[in-house]
Structure formats: structure tokens, C-alpha cells
There are 2 protein chains.
Amino acid sequence: MDSYQQLLIALRRINKATDIGAKRLAKDTGLTTPQLHTLQAVSDATSLTVGEVARAINLTLATTTSIINGLERKGLLDKHRDVSDKRRVIVSSTIAGNKLIQDAPKTLQDLLERRFGELETWEQSFVLAALQRVAMLLDAADIDAAPLLHTGAIERIGDNSTGNAVDNVYPAQAAGSK
Amino acid sequence: MDSYQQLLIALRRINKATDIGAKRLAKDTGLTTPQLHTLQAVSDATSLTVGEVARAINLTLATTTSIINGLERKGLLDKHRDVSDKRRVIVSSTIAGNKLIQDAPKTLQDLLERRFGELETWEQSFVLAALQRVAMLLDAADIDAAPLLHTGAIERIGDNSTGNAVDNVYPAQAAGSK
DNA sequence: ATATATTGATTTGATTATCGAATTAATAAT
DNA sequence: ATTATTAATTCGATAATCAAATCAATATAT
């Protein structure tokens, strides 16, 4: 087997492990996987527009809106309109949302950190440099090419009946039913 | 920023790139992402039991059954009972299923292969060794630890109304409605 | 400035994913 | 023979996901 094949296998293992990790964490925290990823993205960035969140988690705006509403209902995210451009809606993490991310049992991450920390300094640089190289190889395609690699699994969103807060989302026609 | 943080960032980039790749490919082939992963897993292995598929794609048996049924309806997978242990159902890829995987536009993979191939031999070994090390660090946790890393997105399954073939799935009670 | 196009987000409607719990059948253990 | 375990399916409920239609705000063109 050539080294490229081995590279793919290693990538799949990595993807699968992180996927398993994400699912466990989601379950532990009582969120779904897409909700967890969304909250994570917002929490990392402090505040993002809905569109930015969608790009970060790689889902459509429709889906993202729905996930965000779910998290808002749970009190983990807040939304408000951008004042300078009223088309935009800014999403930010609540205290509870940040706390949830902070307190989440990051088992995989801890383990990785511990083990990575156990490596000699030179080896750390070595591993890091290689990973960054791989990321670059893949990233270039990112914007415009794509497909396959992943052997792990994937995800989804949710309900929408009750609250689309943000004051009144479309102020101009408040509650008109079409 | 310490090198561990950079490691996480690199991993996220890798995960995101492969996620985007998988989604594009799924779309190109007219499958959903979980369907693609499932078909891929079965096609790689030639034949697997439903439980093995579930483990490979990291979903529950219930979900896996449903996805497999969808692929069966599309004529991409076949099912049949294991003769030596009739609890087991063996899933295998049809010609159409294999062809779909074969013919799939593996843009990301091609690009990665090309670029990886462009590296000097010593550098290939270097990158590969590092990736395998990371995979090991994560894998150990795999079975029993977990959480977070993934910044990409995830996936799902399908309908179940019409055909659950496999001759008659439960021969003993053929078509009784409970 | 008015009409036209573009952008950002939401809603709607339809499909698929996903899981837990209950069920069914087959095999294994006592 | 009972009893337990294992493998897969079904059912019911919820969440995810997207495309298309809609709505409002901003940008661009005429």
C-alpha cells in the first residue's frame, strides 16, 4: 500500500475520532450535534451574523436560522439586529451558553492535550508542521473543489413553531399572517 | 498561542475541508451525506452486517437500518440473511453502487493526492508519520473517551415506507401488521 | 430620486435523519 | 427447557436539512 493510501486512512481515523468525540459531547451537554457546533462557533467568536455562522458550520442559512432559534429557546444564544445594516442579525452567546461550552467535559481534547504535551518539544513541532501542511493541501480545495474522505458521520437541525425573537423580526409587518 | 492550540486549529481546518468535500460529493451523486458514507463503507468492505455498518459510520442500528433501506430502494445496496446465523443481515454493494463510488468525482481526494505526490519522498514520510501519530493520540480515546474538536458539520438518514426487502425480513411472520 | 438588482434572513413545505424503546427472531448460556 | 444475550427492525417523536418563496434593507443603475 502506498503512502498516499495510508495518509487517507490516517485522515479517516482522525475524522472518525473527532466525530465520535463531538457526538458524545453533544449528548453529555443535552444538545444535538449541530447545536453544539453552532454554539461552539458563536462562543469562539463572541458574536457573528447568521450568515457567518452558516459559513462556519457549513450549512445553509435556512438550516442555520433554525438551529439558532433552537439554541435561543434554550437560552444559550441571543439575537439582535445590526443597527448599521438592519438586514443583518447578530448572534451572540449568553452567559449560560458560554458556561456550557466552558464546563463541557472535553475528554478527547484533554486527552489529546495531555498526550501531545508528553511529546518532546521537537516532536511537537514536527507533528504540528505536518498537520498544518495537510490542512493547507486540503484548504486550497476548500473554497472551490471538494469530495470524499470522511468515513465518520454527519448531522441536522430543528423546530421553529414558537419563538423567532429578535424583537419583531420584521418590524414593518409585525404579525401579519401573509 | 501555544502549539497545542495551533494543533487544534489545524485539525479543525482538516475536518472542515473534508466535511465540505463530503457534502459536495453527496450532492453531486444525488445522495445525502449519510447515504454516501454508508455506501462508501459497504463498498470499501465488499460486505458487512448491518451492525458493522453502524459501527463504521458511527450511528445507531435503527438509523443505519433506515439509511440502508434508502440505498436499497435506490438499487445501490443489497441485503440478504446470513445463512449460518440468521439474526444477521449482510449488506453488499450492487454493481450500480460500486460504479457510483468508482465514478464519483473525487476532486478533493485527487487534489490531495496530486499535492501529496508533489512532495519530496522524505517529506511524505514526515507528514504521514505525524498524521499517524495524531490518529493514534485520538484513537486511544476513541472507544471510551471523547468530545469536541469538530467544527465542521454532520448528517442523516431516510424513509422506510415501502420496501424492506431481504426476502421477507422476518420470514416467520411475513406480512402481519402487528 | 425612482426603478432594479443584490444581499441577509426568515418562513414554508417536504424529505430525511436520528434516536430510544418496544418488538421479533435467532443463538447462547445456565 | 428456561433465561439471557445478540441482531435487526419497527414505531413514534423530534430535529435536521434544503430549495423555493418571501420580505426587508441596502446598493446600483438609469
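Nucleotide dT6(D) holds its C1' atom 11 Å from the CZ atom of R55(B), rounded to whole Å. If you take CD of E72(A) and C1' of dT10(C), they are 13 Å apart, rounded to a whole angstrom. Taking atom NZ of K79(A) as the reference point, atom C1' of dA9(C) lies 9 Å away to the nearest angstrom. Following rounding to the nearest Å, I57(A) (CD1) and dC18(D) (P) show an atom-to-atom distance of 9 Å. Residue R81(B) contributes atom CZ, which lies 9 Å from atom C1' of dA26(C) at whole-angstrom precision. What separates CZ of R73(A) from P of dT10(C) is a distance of 13 Å, to the nearest Å. If you measure from atom CG of L48(A) to atom C1' of dG8(C), you get 15 Å, rounded to the nearest angstrom. Between N69(A) atom CG and dA9(C) atom P there is a gap of 13 Å when expressed in whole angstrom units.
Nearest nucleotide to the side chain of D85(A), out of dA8(D), dA9(C), dT26(D): dT26(D). Of the listed nucleotides (dA8(D), dC19(C), dA25(C)), dA25(C) has the atom at the smallest distance from the side chain of R87(B).
Taken from CG in L77(B) to CD1 in I90(B), the straight-line distance is 13.0 Å, to the nearest 0.5 Å.
Counting any heavy atom pair closer than 4.0 Å across all strands shown, S84(A) reaches sugar-phosphate atoms only and no base atom.
Between D44(B) and R12(A) there is a salt bridge, with a side-chain nitrogen of the basic residue lying less than 4.0 Å from a carboxylate oxygen of the acidic one.
Close to dA8(D), at under 4.0 Å from its OP1 or OP2, lies no side-chain N or O of T65(B). Considering only side-chain N and O atoms, T60(B) lies under 4.0 angstrom from the phosphate OP1 or OP2 of dC19(C).
Partners of S125(A) under the side chain to side chain contact (heavy atoms under 4.5 Å, CB included) rule, at least two apart in sequence or in another chain, do not exist in this structure.
Under a 4.5 Å side-chain heavy-atom cut-off, the cluster of Ile, Leu, Val, Met, Phe, Trp and Tyr residues that includes M1(A) is completed by I9(A).
For the pair L76(A)/L31(A), a side-chain contact is recorded, criterion being any heavy-atom separation below 4.5 Å from C-beta on.
Summary of the strand contacts: K86(B) and R88(A) both lie near DNA chain C, and taking for each the nucleotide with the nearest heavy atom, the more 5' one is attributed to R88(A).
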